[in-house]
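Have a look at the structure below before the remarks.
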Amino acid sequence: MASNEQSLVQRDTGTAAIVEQVIIKGDLSKLSPSQRVDYYQRVCQSLGLNPLTKPFDYINLRGKLVLYPTRDATDQLRKVHGISIHIASRQQLDNIFVVTAQAKDREGRDDEATGAVAFDPKNQESIANAMMKAETKAKRRVTLSIVGLGWLEDVEGLEPAQEATEAEQVETAELSASEKQLKYIWSLAREIGWDEEDVRAHIKETYGASSSKELTKEQASEIIEYLAGLKELGDSHDGETDGEE
């Protein structure tokens with residue numbers, strides 16, 4: 001018991017250190033790769049996002065390494081919160097396209113944001129790209145605003161940071177269910193009489209994933225524990241039946 005309590009204290013202390021580094025100092029580069037993985041996963045879980053789809057990239061912003069929400073992140077956020085987007089206006093101010101987007105969520109709350117992108121009037125490709133980027137930027141900004149993610153700075157157009165590549169690779173490897181876990185899930189499923197459709201239905205209903213390959217290590221462990229419990233319950237029932245005979 002003492003060992004478990006000590007472990008919990010250490011984990012809480014570690015979590016506090018991560019929160020201090022990120023919230024107070026605002027720089028993910030100060031974290032170790034494993035701490036970045038932990039923080040990345042916690043952010044995704046708190047927002048209801050699937051971390052395996054990489055809803056965030058790492059970018060360098062004014063000397064700090066921060067999370068950048070990708071289009072996948074805002075698409076998922078709109079689905080999670082039931083957000084609808086309406087383009088209120090499109091304007092051209094000199095060599096700048098300005099798009100205003102309005103958003104409303106399922107609870108009736110609304111918000112508004114603009115996206116502005118400059119273009120080269122002598123370059124047709126620049127004009128076309130600016131028109132599309134201004135709309136995308138407006139939708140992205142209003143989505144982040146209405147769900148209360150103002151702490152994610154608007155850094156549209158910046159490239160993902162090269163120095164974060166190693167951390168991202170660690171993140172994917174750390175989060176994804178292992179091959180051993182997946183094999184054990186299917187083994188337990190067969191033992192309790194579940195077929196492939198039963199397993200997929202449970203995964204879909206419980207985690208919203210369409211395949212076992214989308215599971216995280218933690219989710220895979222929970223399924224293993226659940227299936228093992230069903231197996232144990234079945235074995236116990238069989239034993240009682242044998243005894244009665």
Side-chain angles (χ1 to χ4, degrees), residues 1 3-16 18-19 22 31-58 67 69-82 106 147 166-242:
M1 180 64 72
S3 178
N4 290 337
E5 291 178 352
Q6 183 178 6
S7 177
L8 288 173
V9 170
Q10 291 175 342
R11 185 166 59 182
D12 290 342
T13 302
T15 300
I18 292 175
V19 171
V22 177
L31 305 182
S32 68
S34 61
Q35 287 176 321
R36 290 182 196 173
V37 169
D38 191 9
Y39 178 72
Y40 192 106
Q41 185 175 17
R42 288 171 185 270
V43 170
C44 289
Q45 289 177 340
S46 69
L47 299 175
L49 304 180
N50 183 354
L52 300 180
T53 63
K54 287 185 65 179
F56 295 98
D57 273 327
Y58 293 96
L67 287 182
T70 64
R71 179 175 178 177
D72 184 75
T74 50
D75 285 347
Q76 288 188 54
L77 286 170
R78 283 194 284 271
K79 182 177 180 180
V80 170
H81 295 274
R106 63 168 62 93
V147 299
E166 180 182 353
E168 291 176 2
Q169 292 174 346
V170 173
E171 176 261 330
T172 301
E174 288 285 339
L175 293 181
S176 302
S178 68
E179 190 68 26
K180 184 177 180 180
Q181 284 179 309
L182 297 181
K183 288 182 178 179
Y184 194 30
I185 287 175
W186 292 108
S187 175
L188 285 171
R190 286 192 294 270
E191 289 186 40
I192 65 173
W194 279 22
D195 59 20
E196 184 175 337
E197 289 302 316
D198 292 325
V199 176
R200 291 185 184 278
H202 178 72
I203 291 174
K204 180 70 174 178
E205 180 180 352
T206 308
Y207 302 106
S210 58
S211 168
S212 60
K213 294 182 179 179
E214 296 179 10
L215 295 172
T216 64
K217 279 185 169 62
E218 182 178 355
Q219 291 170 344
S221 294
E222 290 174 355
I223 292 179
I224 289 172
E225 183 177 354
Y226 176 73
L227 295 178
L230 292 180
K231 179 179 181 299
E232 183 178 348
L233 183 62
D235 291 344
S236 174
H237 179 71
D238 291 341
E240 290 175 2
T241 302
D242 292 342

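Because only heavy atoms are used, hydrogens play no part in the values below, and waters and symmetry mates are left out as well, while side chains stay in.
Taking H81 as the reference, nothing meets the ring-ring contact (aromatic ring centres under 6.0 Å, His included) condition, with sequence neighbours excluded. Applying the side chain to side chain contact (heavy atoms under 4.5 Å, CB included) criterion to S221, with sequence neighbours excluded, gives Q181. Partners of D198 under the side chain to side chain contact (heavy atoms under 4.5 Å, CB included) rule, at least two apart in sequence or in another chain, are W194, D195. In this structure R200 satisfies the side-chain hydrogen bond (donor to acceptor under 3.5 Å, both in side chains) test together with E196, sequence neighbours excluded. Q76 pairs by the side chain to side chain contact (heavy atoms under 4.5 Å, CB included) definition with L49, N50, T53, P55, D72, not counting sequence neighbours. Not a single side-chain hydrogen bond (donor to acceptor under 3.5 Å, both in side chains) links Q45 to another residue, sequence neighbours left out.
Taken to the nearest 0.5 Å, the CD1 atom of I185 stands 6.0 Å off from the CD1 atom of I203. To the nearest 0.5 Å, atoms CD1 (I224) and NZ (K180) are separated by 9.5 Å. Atom OG1 of residue T216 and atom CG of residue L52 lie 7.0 Å apart, to the nearest 0.5 angstrom. The distance from the CG atom of D57 to the CG atom of L67 is 9.0 Å, given to the nearest 0.5 Å. H202 contributes atom NE2, which lies 14.5 Å from atom CD of E197 (distance to the nearest 0.5 angstrom). Annotation: the span from L47 atom CG to F56 atom CZ amounts to 5.5 Å, rounded to 0.5 Å.
Taking the six-membered ring where the residue is Trp, Y40 and Y58 present tilted rings, their angle falling between 30° and 60°.
K79 and D75 are not joined by a salt bridge, as no carboxylate oxygen comes within less than 4.0 angstrom of a charged side-chain nitrogen.
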Worksheet item: Step by step, would you call S212 with V199 a side-chain contact (heavy atoms from CB on, under 4.5 Å)?
Response: CA-CA 8 Å; S212 60; V199 176; 5.6 Å; no

Worksheet item: For K183 and S187, what are the C-alpha separation, side-chain angles and deciding distance, and is it a side-chain contact (heavy atoms from CB on, under 4.5 Å)?
Response: CA-CA 6 Å; K183 288 182 178 179; S187 175; over 6 Å; no

